[in-house]
Amino acid sequence: MRLLIKGAVVYTMAEQGVVHADVLVQDGKIIAVAPGIAPEQEDQILHAEGMYLLPGLMDGHVHLGLMDMESGEISETTAPVTPDMEIEYSVDFASKDFTYCMKEGITSVCIIPGSSNIIGGKGIVVKTNCAEGKKEILNSYACMKAAMGGNPQSAFGRRGKAPATRMEILRQFRAYLEAVRLFTESGEREITSAYRRSELLAGVPVLEGKVPIKIHCTRHDMAAVMQVLKDFPVKYTLDHAWGTAPYVDQIAEAGCGVMFGPAGCYRGLGEGREIDFRDVRSLYEKGVEVAMISDAPLLSPESIIYEAGEAVSAGVPVEEALKMITLYPARWTGCEERIGSIEPGKDADLVLFNGLPARDVHARVMYTIISGNIVYKMMIEEEAKKIC
Amino acid sequence: MLIKGGTLHIGDGRILPDTDILVQNGKIAAIGTGLMDKEVIDASGKEVFPGFIDAADYAGCIDMAYHAHDYSENSSPVVPYVNIKHSVDPDEVERQEFYKSGITSMVMVPGNKNVIGGMAAVLKTTGININQMVVKEQAALKGSVINTVKETFGSRGVKPSTRMGMMNLLKETFAKYQKPEECGKLSYIEAKNRDIFQKVFAKEVPFVVAANTKAEIESVIEGLKPYDVKLAICNAYQAGQAKEAILEAKAAVILGEFSHMSSEVHYDTDFEAILELERQGIPVAISLLTDDNVLGRECLFWTVSKLKKAGAAEEQILRMLTVHPAEIFGIADVAGTLEVGKDADIVICCGNPIEACDAYVTETLIRGQMVYRKEEAVCC
């Protein structure tokens, strides 16, 4: 059976831009985006006049399903470099956080290890209907997680182990990448004593530029890591990226992505006091692709929508702000082929709002669709009455 | 100073287009049309609001440098006779830049770790020293019956380690200070505590108590039924579920912050029911306080968005940001609305931040002083 969504204002996040069009869905995929598509008899029709249709929202940096258990599952803190850890095995896919994500229009999330390790392991992208028993992993190696600065430093340094300083973090980070390079150049034979074979194998697609490194860093840690990465042909995102103002030009030149947030935090000391959405605007103006992150459950998952609104308040155009919670996170986690925009051929992960998020404060999810199935529906009063 | 030609949102539901506000000596001296003054802020095309009030927070008492956590005197679960004012670092408050979000007053409360945690104070959100910032000292007595208390004391083997332990201490303390003469000769500290409780029993100040769940809210209301006090429930995530008890007790509701650690997810907040409470006359305010932390200024408006999604009207939201907290904490004579005689705490916006995400604050005045002006503000 096909699903026809009629009459919405469609924010495609693709070449078509913003169009008043119908969207036709078959077998979990979008098959057409055009005005006035004629329904066939069997088609399920969703009347969406007056609503806004967006690609399913995505958060490119979360720890969902890792922190609502009693014991911590977020970081394998027995060693500072653990590239072959697979976060998939730590996630509780039945966590009610995922169901909540669907309700708020977030259809995909990139789940990653925490930031206690210099290199923490492999992140995955999963659709948020996983708690309904439909675990669909879009990318089982979406990124390699790394972390600079205070987190690895305190996780290990406080126990009298390395790294105890930032300089040691950068040394170990470079040493690992160099070992992977040596390993690759030698036809996967050269193994330095510091790393196991599986640890080096995990780094191969990273050095091939196929899997991005996702680097927890802020302020001067960004400058340091960008300098090291000049020597390696890798793709990467700077995650959190608080205190970006002095480094905007360097970031634009590096050609990396930025995952900004979580925002709305208490202004403590250090990087935490430098959360400023004017930086998001500066990055956008320099052509850097920025994605908004909630770091959920540290912030509630739908915070990415409010963050996109803050970016708009700081002067970013609404359509660009919406790309920050759809297209860009998909692109920088290797899922752009499947999700992130409304185009024929892509997964039918779609959200209908009663207003435009990041523009209208009242915008609320009316329907969430994952792989062509309506997984959440807001009960409107009149409609509820009809059913009664 | 004259704020000329703005659309005034008075706070009581009235909206006056193209109206002037005359500010003199830190107060609102006149509201009308065709007013004159030498110094003029052109507010034509802009929206003008009374300064917003964050109804519970301890920003400024955390002391990040030394992790001192000055907000909870957790050496004992019952400490009525401490004053949060003495823990505030004005520089740390300043760092939050509340005025950029139009927040001009905040209710500084002791944290949620103590069954009775001390006295709260209402402050302006900027000032060169704490005494200058104070709007009202001893504005409330603060308590808590949430998990944070159990986690703080139970883990040390000190009562309370359970909900019944918390309620037991709460009721015992109220009983003791209602009839202190039955307790024999009071020590110095007990006499001070009695003085504070006398204000609570005289309804001079509210008792603000953190209670998250339906059960906690109902327990507190039930436990304090014998006492005629002004009750306000903060961090009241399940206030909607406890609607009947709150209506019966006429307790005020202060919503906690929702983004931190997915609070809304885990407490299943019913925003529609909370809005219904407000429509039925319950004062409802919003805050940046979480169970064991405080969040940044932006989050106050993220809560506004949640309430809007649930169908809140603009004037209802504005009441929650202004009139209701002013009423709960007894500062309605100086704050909460744009009216002659009140402090000139005024927020001027490009666009309406209760309606549109692209709205932003262009100027903020506290007691008539311009504490914030956005550079390069080109208003629509």
Side-chain angles (χ1 to χ4, degrees), chain A residues 62 64 67-68 95-101 103-104 262-270 272-278 294-303 305-318 321 353-365 378 380-381, chain B residues 57-60 62-67 92-98 100-101 257-266 268 272 288 290 293-312 314 317 350-361 375-376 378:
Chain A
V62 304
L64 291 172
M67 290 168 81
D68 40 5
S95 164
K96 74 177 187 181
D97 284 311
F98 293 112
T99 308
Y100 180 82
C101 282
K103 198 177 131 197
E104 295 292 338
C265 302
Y266 187 73
R267 269 49 165 198
L269 291 176
R273 68 178 296 186
E274 294 184 35
I275 304 165
D276 193 335
F277 280 90
R278 285 178 300 185
S294 69
D295 217 353
L298 295 181
L299 280 188
S300 204
E302 82 284 10
S303 300
I305 302 172
Y306 305 135
E307 288 170 346
E310 299 288 345
V312 169
S313 177
V316 173
V318 176
F353 286 89
N354 66 348
L356 187 62
R359 187 191 70 190
D360 303 327
V361 173
H362 72 270
R364 176 175 193 164
V365 175
M378 219 304 269
I380 309 172
E381 229 171 273
Chain B
D57 202 332
Y58 48 76
I62 295 178
D63 188 352
M64 298 299 284
Y66 299 101
H67 295 280
E92 203 178 320
V93 176
E94 180 70 30
R95 207 179 290 153
Q96 309 309 316
E97 299 180 316
F98 285 114
K100 285 191 177 175
S101 293
E257 202 290 322
F258 289 95
S259 298
H260 183 64
M261 293 309 284
S262 305
S263 297
E264 184 195 337
V265 191
H266 294 286
D268 295 321
E272 280 91 350
L288 292 170
T290 78
N293 209 337
V294 292
L295 260 72
R297 59 184 169 83
E298 295 88 349
C299 295
L300 207 65
F301 275 84
W302 298 5
T303 298
V304 166
S305 181
K306 287 176 181 293
L307 292 160
K308 287 284 289 183
K309 285 190 218 173
E314 193 223 313
I317 299 278
C350 197
N352 182 344
I354 299 171
E355 304 283 350
C357 298
D358 66 356
Y360 54 85
V361 175
E375 314 139 32
E376 50 167 290
V378 189

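Letters A, B, ... mirror the listed sequences (proteins, then strands); counts begin at 1. Not measured: the values here are computed from a predicted model.
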Partner residues of A/K103 under the side-chain hydrogen bond (donor to acceptor under 3.5 Å, both in side chains) criterion, sequence neighbours left out: none
Answer yes or no: is there a donor N or O on one side and an acceptor on the other, between the side chain of B/D57 and the main chain of B/A59, under 3.5 Å? yes
Counting heavy-atom pairs under 4.5 angstrom with chain A, the leader among B/A359, B/P353, B/A356, B/G296 is B/G296
Proximity breakdown for A/A314 and chain B, heavy-atom pairs closer than 4.5 Å: neither
Under 4.5 Å from any heavy atom of chain A - which part of B/F258: backbone
Here's a test for you: under side-chain contact (heavy atoms from CB on, under 4.5 Å), which of A/S95, A/S300, A/P297 qualifies with A/Y100? A/S300
What residue in A/I275, A/L299, A/D295, A/V365 has the most heavy-atom pairs under 4.5 Å with chain B? A/L299
With sequence neighbours excluded, residues passing side-chain contact (heavy atoms from CB on, under 4.5 Å) with A/S313: B/Y360
Toward chain B, the part of A/R359 with a non-hydrogen atom under 4.5 Å: backbone
Expected output: side-chain B/Q96 to main-chain B/E92 donor-acceptor under 3.5 Å: yes
Contact origin within B/L307 toward chain A - heavy atom pairs under 4.5 Å: neither
Interface moiety of B/E272 toward chain A, non-hydrogen atoms closer than 4.5 Å: side chain
Under a 3.5 Å distance rule, please check whether A/N354 uses its side chain to pair with a backbone N or O of A/R364 as donor and acceptor. yes
